[in-house]
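Below is one structure; the comments refer to it alone.
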Amino acid sequence: GAGVSQTPSNKVTEKGKYVELRCDPISGHTALYWYRQSLGQGPEFLIYFQGTGAADDSGLPNDRFFAVRPEGSVSTLKIQRTERGDSAVYLCASSLSGTRSYNEQFFGPGTRLTVL
Amino acid sequence: GQQLNQSPQSMFIQEGEDVSMNCTSSSIFNTWLWYKQDPGEGPVLLIALYKAGELTSNGRLTAQFGITRKDSFLNISASIPSDVGIYFCAGRTSGTYKYIFGTGTRLKVLA
């Protein structure tokens, strides 16, 4: 079956611009996560959706970052007024449910964002 | 953000050798996951562990859930060149949804 997909695979933008990153989770997965991975680091949690609602957005670095999942499937991570420090790989993951005991997260290939 | 401590940070080994790496936490976890990440790709799930003391294998890979519930171990037997990559652990506490990832172990296999 299809795994988690993310588009675009690469995004180059200029400082101050607005970007949208898209994630299409595995069909039937109600939980969706966004992570950010800087060079040489492990993924760092940004936001978690259970269904349509953001259950935990405590990892978003500031109010320039926002994410939506209006129909409980596809999610979009939005970054306003991008800064060079936002450059990273943005990873999306999904799982059957967020808090169940047997809960494995599956990742997409990521979007590499470069802010010039 | 918080990251788990993985050891070693990197290692060079000869093809055919066995590899061991570990991950430690200051918190008690009820789930451990091990991932492998190749350059330009997302992490791929290798093994999931759900019970303290559990030993689970996936081909040449074996992972263990530490009995203290604060650590986990991954072993790769008879390494091959395609084992090259970065291995990440991730842990989660009971009743939560958030996984915390390790800093990664970079493995390079010399043919």
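Protein chains get the first letters and strands the later ones, always in sequence-line order, with residue 1 at the start of each. Treat the numbers as computed from the prediction; the structure is a model and nothing was measured.
- Ring geometry, B:F101 versus B:F88: the interplanar angle exceeds 60°, so the pair is classed perpendicular (tilted spans 30 to 60°).
- For the salt bridge (Lys or Arg N to Asp or Glu O under 4.0 Å) condition, the pairs that include at least one residue of residues 14-37 of chain B, sequence neighbours left out, are B:K36-B:D38.
- At a heavy-atom separation below 4.5 angstrom, chain B is approached by no residue within residues 73-82 of chain A.
- Proximity to chain B (any heavy atom under 4.5 Å) is shown, for A:T111, by neither the backbone nor the side chain.
- Heavy atoms closer than 4.5 Å to chain A are found in the side chain of B:Q37, but not in its backbone.
- Defined by atom type and a distance below 3.5 Å, a donor-acceptor pair is missing between the side-chain atoms of A:Q105 and B:Y97.
- Salt bridge annotation for A:R64-A:E83: present, with a cationic side-chain nitrogen under 4.0 angstrom from a carboxylate oxygen.
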Side chain to side chain donor-acceptor pair (under 3.5 Å) between B:T62 and B:S57, intermediate numbers included: CA-CA 4 Å; B:T62 301; B:S57 293; 3.1 Å; yes
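- Residues that satisfy the side chain to side chain contact (heavy atoms under 4.5 Å, CB included) test with B:A78, not counting sequence neighbours, are absent from this structure.
- Among pairs with a residue in residues 22-111 of chain B, those fulfilling disulfide (SG to SG under 2.5 Å) read B:C23-B:C89, at least two apart in sequence or across chains.
- For chain B, no part of A:N10 is nearby; none of its heavy atoms comes within less than 4.5 Å.
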